[in-house]
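Written below as structure tokens is the structure these notes are about.
Every value quoted in this text rests on a predicted model; they were computed, and no experiment measured them.
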Amino acid sequence: MTDSALVFASQGERVSLLPLGGSLARTRAEEPLETRIHYQRGSDPAQWIQDIPCFGRVRSSEVWPGIDLVVYGNGRRAEYDLIVAPGAEVALARFELASDHALALSTEGALTSRDGSLVLCPPIAYQLVDGERSLVEARFLLSGTTLAFELGAYDRSRELVIDPMWLYANLIGGTGRDMAWDIATDSQGTSWVCGETFQAATSADAFVAKINPTGTQLVWMTVLAGSGNENAFAIALEPSTGITFIAGATSSNNFPGVSAAVFDSSFGGVGDAFVAKLNSNGTVNRATYLGGNGDDAAQGLALETTTLTPFVTGFTTTSGMGFPTTVGALDRSHNGLRDVFVTKLDGTLSSVATSTLIGNAGDDLGSDIQLVGGTLPVVCGTTSSATFPGANNANLNGLGGNDVFVLRLNAMFGTISNARRVGGTGDDRANGLTIDSQGTPFVVGFTNTTNLATVNAFQPSHGGAYDALIFGLNASMQAVLFLTYCGGSGNDAASDALLDGAGRLILTGNTDSTSPSFRTVSPLQAQNAGMFDGWLAHIFTATPSSLRFSTFFGTSGHDTGFGLGLDGVGFVYIGGYAGASFAPSTSVAEFDQTFAGGSFDALALRVSLN
């Protein structure tokens with residue numbers, strides 16, 4: 001609602017309703033919501049727009065004499081009501097329609113836009129009589145671009161409500177590209193999702209959103225934007241306070257939260273990694289760049305929650321000794337195309353405590369990081385180097401184009417305590433990592449190698465073009481507990497992994513395979529619904545490994561699960577993206593199930609594992 005019109009927009013269609021002979025000057029917000037929005041654009045806090053309140057409805061009083069206009073959301077619809085006081089003249093309520101394209105009344109009496117993406121349903125009118133709705137016959141009148149209402153007989157001594165409904169897909173999210181890359185969850189089921197939103201024509205912005213445990217309320221959302229591109233790839237949570245850290249990549253020289261008080265306040269090179277700390281209400285506490293003169297990006301993040309110490313991993317192309325490393329580190333000089341970096345910052349982001357590079361002459365990047373005892377980082381990633389530091393380079397099947405690595409560093413990042421290289425003659429890559437309390441690593445990714453030496457596998461044979469790759473090692477990384485393919489006749493990948501309280505592995509990813517080639521067990525969705533669907537699996541890791549549960553989830557579009565969270569009562573939470581609207585659920589309520597257009601919408605999904 002503007003100061004002069006109601007404006008509805010969806011997927012390129014825009015329609016304005018201007019009250020003829022009326023005024024929206026007496027407008028107020030009603031029904032305050034918990035939700036808050038923060039737009040933190042650029043490094044100057046004076047330019048930030050923070051703590052924007054949200055409301056359940058907006059009322060314009062006396063738009064015409066005795067007629068109020070109320071606008072509100074109703075599930076997947078936007079609605080407005082005309083509240084006609086006793087004795088008021090309904091004939092006064094008229095709108096001038098402004099649209100780039102012609103509008104028309106359908107045979108059913110609905111006002112429709114060019115492609116049907118905006119539909120104003122035939123009005124419903126009623127009066128309350130003894131607490132019950134008494135319907136009044138109503139229809140639109142359209143003369144040129146003037147919209148009015150025609151009513152049947154009604155009791156003019158009672159209040160009358162005229163209720164048209166706009167069906168449109170733009171309640172949450174935007175018409176650009178919105179993707180959730182990671183998710184964190186507390187024991188009560190509150191979720192924090194991070195990712196990117198691409199609403200402007202030229203750049204992406206990072207976002208973080210907090211969602212209540214039932215999924216019915218967006219508590220707050222923060223957009224972090226500079227003059228370039230921002231992507232938030234990883235999130236970590238301190239659950240008792242709600243403080244979050246995010247890590248990712250930026251090409252902006254004015255990233256929000258960066259100041260002289262942080263470790264690195266100067267942008268350098270093609271792109272820098274960033275780490276940002278957010279307060280419990282979603283506002284940015286501070287942020288730092290992390291990089292040198294090349295292209296640097298953080299892809300994995302872990303948090304020591306007692307001291308709020310963030311550990312990050314990713315990749316750098318910064319040459320020489322330009323990437324920040326510390327004395328005594330394993331490697332302080334750049335080696336090949338891209339090198340892995342592992343960096344520990346202090347909780348205020350004002351200094352680097354420990355940092356090292358890892359790599360050789362090929363292309364090496366870190367994908368995910370976890371902590372043993374809060375201090376010892378375990379890192380997984382992908383390498384094309386013929387020899388990778390610390391690893392058994394005569395791996396399970398010999399070198400291919402890319403192989404998976406997993407390693408553990410000592411506390412000063414000066415020594416690789418344990419390492420393993422896993423791969424074959426094809427393309428093998430790591431996406432996600434989880435560990436148990438002893439540091440036993442479980443790694444997930446994807447592979448097109450057809451002859452991996454599987455061990456205790458629930459799927460010992462390669463299924464299609466690419467399969468998900470899943471394996472577990474013992475804590476010393478010298479023994480393979482299990483190694484299995486997971487996939488059908490198409491392309492399949494695993495993106496993230498978690499362990500539940502019983503030591504069973506939870507996985508998510510995406511697939512364009514269909515059942516039965518992609519194996520499902522007690523599925524919530526038995527078949528692939530579109531081009532790519534997300535998938536969720538629950539695996540017994542005892543030897544041999546086996547599937548406890550496996551399901552597709554998705555729409556008719558392109559859908560993916562990227563990040564996983566787990567609460568204390570058996571619900572798993574998935575962050576990812578969807579390419580179309582999810583079918584309305586009959587068992588739960590969501591604050592938004594409707595696809596808003598563009599390429600993708602960010603997705604947060606909760607599934608019970610019980």
Side-chain angles (χ1 to χ4, degrees), residues 184-185 187 234 236-239 300-307 309-313 330 340 342 344 354 356 358 366-381 388-392 395-396 404-422 430-445 454-458 469-484 494 496-507 537-546 548 563-568 570 572 609:
T185 311
S187 61
L237 167 71
E238 200 297 296
L301 170 66
L303 185 65
E304 198 290 301
T305 55
T306 303
T307 59
T309 302
F311 293 67
V312 290
T313 190
L330 174 72
V340 179
V342 183
K344 173 185 175 183
T354 320
T356 189
I358 307 172
S367 299
D368 203 0
I369 184 169
Q370 300 290 331
L371 300 178
V372 178
T375 58
L376 303 177
V378 178
V379 179
C380 77
F388 188 79
N392 174 11
N395 62 17
L396 297 183
V404 173
F405 73 83
V406 58
L407 59 86
R408 182 197 294 188
L409 291 166
N410 71 350
M412 297 306 296
F413 298 5
T415 304
I416 294 176
S417 305
N418 309 101
R420 186 78 186 213
R421 182 173 185 152
V422 175
N431 285 329
L433 165 72
T434 190
I435 61 173
D436 66 13
S437 59
Q438 304 304 310
T440 303
F442 300 86
V443 181
V444 299
T454 56
V455 179
N456 293 314
F458 62 80
L469 170 63
I470 309 161
F471 66 87
L473 305 174
N474 68 353
S476 68
M477 303 186 192
Q478 299 307 301
V480 180
L481 303 179
F482 73 90
L483 188 152
T484 186
D496 200 9
L498 282 178
L499 288 169
D500 68 10
R504 297 171 297 202
L505 197 61
I506 306 165
L507 307 172
H538 201 192
I539 296 175
F540 292 106
T541 56
T543 54
S545 61
S546 60
R548 176 178 184 262
L564 286 171
L566 186 67
D567 67 14
V572 62
L609 292 180

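The shortest distance between side-chain heavy atoms of Phe311 and Leu301 does not fall below 4.5 Å. Proximity of Leu330 to Thr415: side-chain heavy atoms (C-beta onward) are nowhere separated by under 4.5 Å. Annotation: side chain of Ile435 is not in contact with side chain of Phe442 (no heavy-atom distance under 4.5 Å). When side chains are defined from C-beta on, Met477 counts as touching Pro441, because their heavy atoms get closer than 4.5 Å. Under the 4.5 Å side-chain criterion, counting only non-hydrogen atoms from C-beta, Leu483 is not in contact with Ile470. Residues Phe471 and Val422 meet the side-chain proximity criterion, which asks for heavy atoms closer than 4.5 Å. In this structure, the side chains of Arg408 and Val372 come closer than 4.5 Å at one or more pairs of heavy atoms. Annotation: side chain of Leu566 is not in contact with side chain of Thr185 (no heavy-atom distance under 4.5 Å).
To the nearest 0.5 Å, atoms CD1 (Ile506) and CG (Leu498) are separated by 5.5 Å. Note that CG of Asp436 is 6.5 Å distant from CG of Leu499, once rounded to the nearest 0.5 Å. To the nearest 0.5 angstrom, Ser546 atom OG is 5.5 Å from Phe540 atom CZ.
With sequence neighbours excluded, the residues satisfying salt bridge (charged side-chain N to carboxylate O under 4.0 Å, His left out) with Asp500 are Arg504. Partners of Phe405 by ring-ring contact (aromatic ring centres under 6.0 Å, His included), not counting sequence neighbours, listed by chain and number: Phe388. Among residues two or more places apart in sequence or in another chain, the side chain to side chain contact (heavy atoms under 4.5 Å, CB included) test is passed with Thr313 by Val340, Val342, Ile369, Val379. In this structure, the side chain to side chain contact (heavy atoms under 4.5 Å, CB included) partners of Ser476, at least two apart in sequence or on a different chain, are Asn418, Asn474, Gln478. In this view, Asp567 and Tyr573 satisfy the side-chain hydrogen bond (donor to acceptor under 3.5 Å, both in side chains) rule, not counting sequence neighbours. Qualifying side chain to side chain contact (heavy atoms under 4.5 Å, CB included) partners for Thr354, counting only residues two or more places apart in sequence or in other chains: Thr326, Lys344, Phe413. Applying the side chain to side chain contact (heavy atoms under 4.5 Å, CB included) test to Ala497 and every residue at least two apart in sequence or in another chain returns Thr434, Val444, Leu505, Leu507. Shown here are the side-chain hydrogen bond (donor to acceptor under 3.5 Å, both in side chains) partners of Thr306, two or more places apart in sequence or in another chain: Glu304.
Of all non-hydrogen atoms in Gly414 and Asn410, the two that sit nearest each other are N-OD1, 2.9 Å. Nearest heavy-atom pair, Ala184 versus Leu237, reported as atom, atom and distance to 0.1 Å: CB-CB, 3.9 Å. When all heavy atoms of Gly381 and Ala430 are compared, the closest pair comes out as O-CB, 3.3 Å. Heavy-atom minimum distance, Ala236 versus Leu303: CB-CB, 3.7 Å. The two residues Ser545 and Ile539 have their closest heavy-atom pair at CB-CG2, 4.4 Å. Closest approach of Ala479 and Arg420 over heavy atoms only: N-NH1, 4.3 Å.
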* side-chain contact (heavy atoms from CB on, under 4.5 Å) evaluation trace for Leu376 with Leu371 -> CA-CA 5 Å; Leu376 303 177; Leu371 300 178; over 6 Å; no
* **From CA spacing to verdict: side-chain contact (heavy atoms from CB on, under 4.5 Å), Val378, Leu433** => CA-CA 9 Å; Val378 178; Leu433 165 72; 3.9 Å; yes
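Asp368 places no side-chain N or O within donor-acceptor distance of the main-chain N or O of Cys380, the cut-off being under 3.5 Å.
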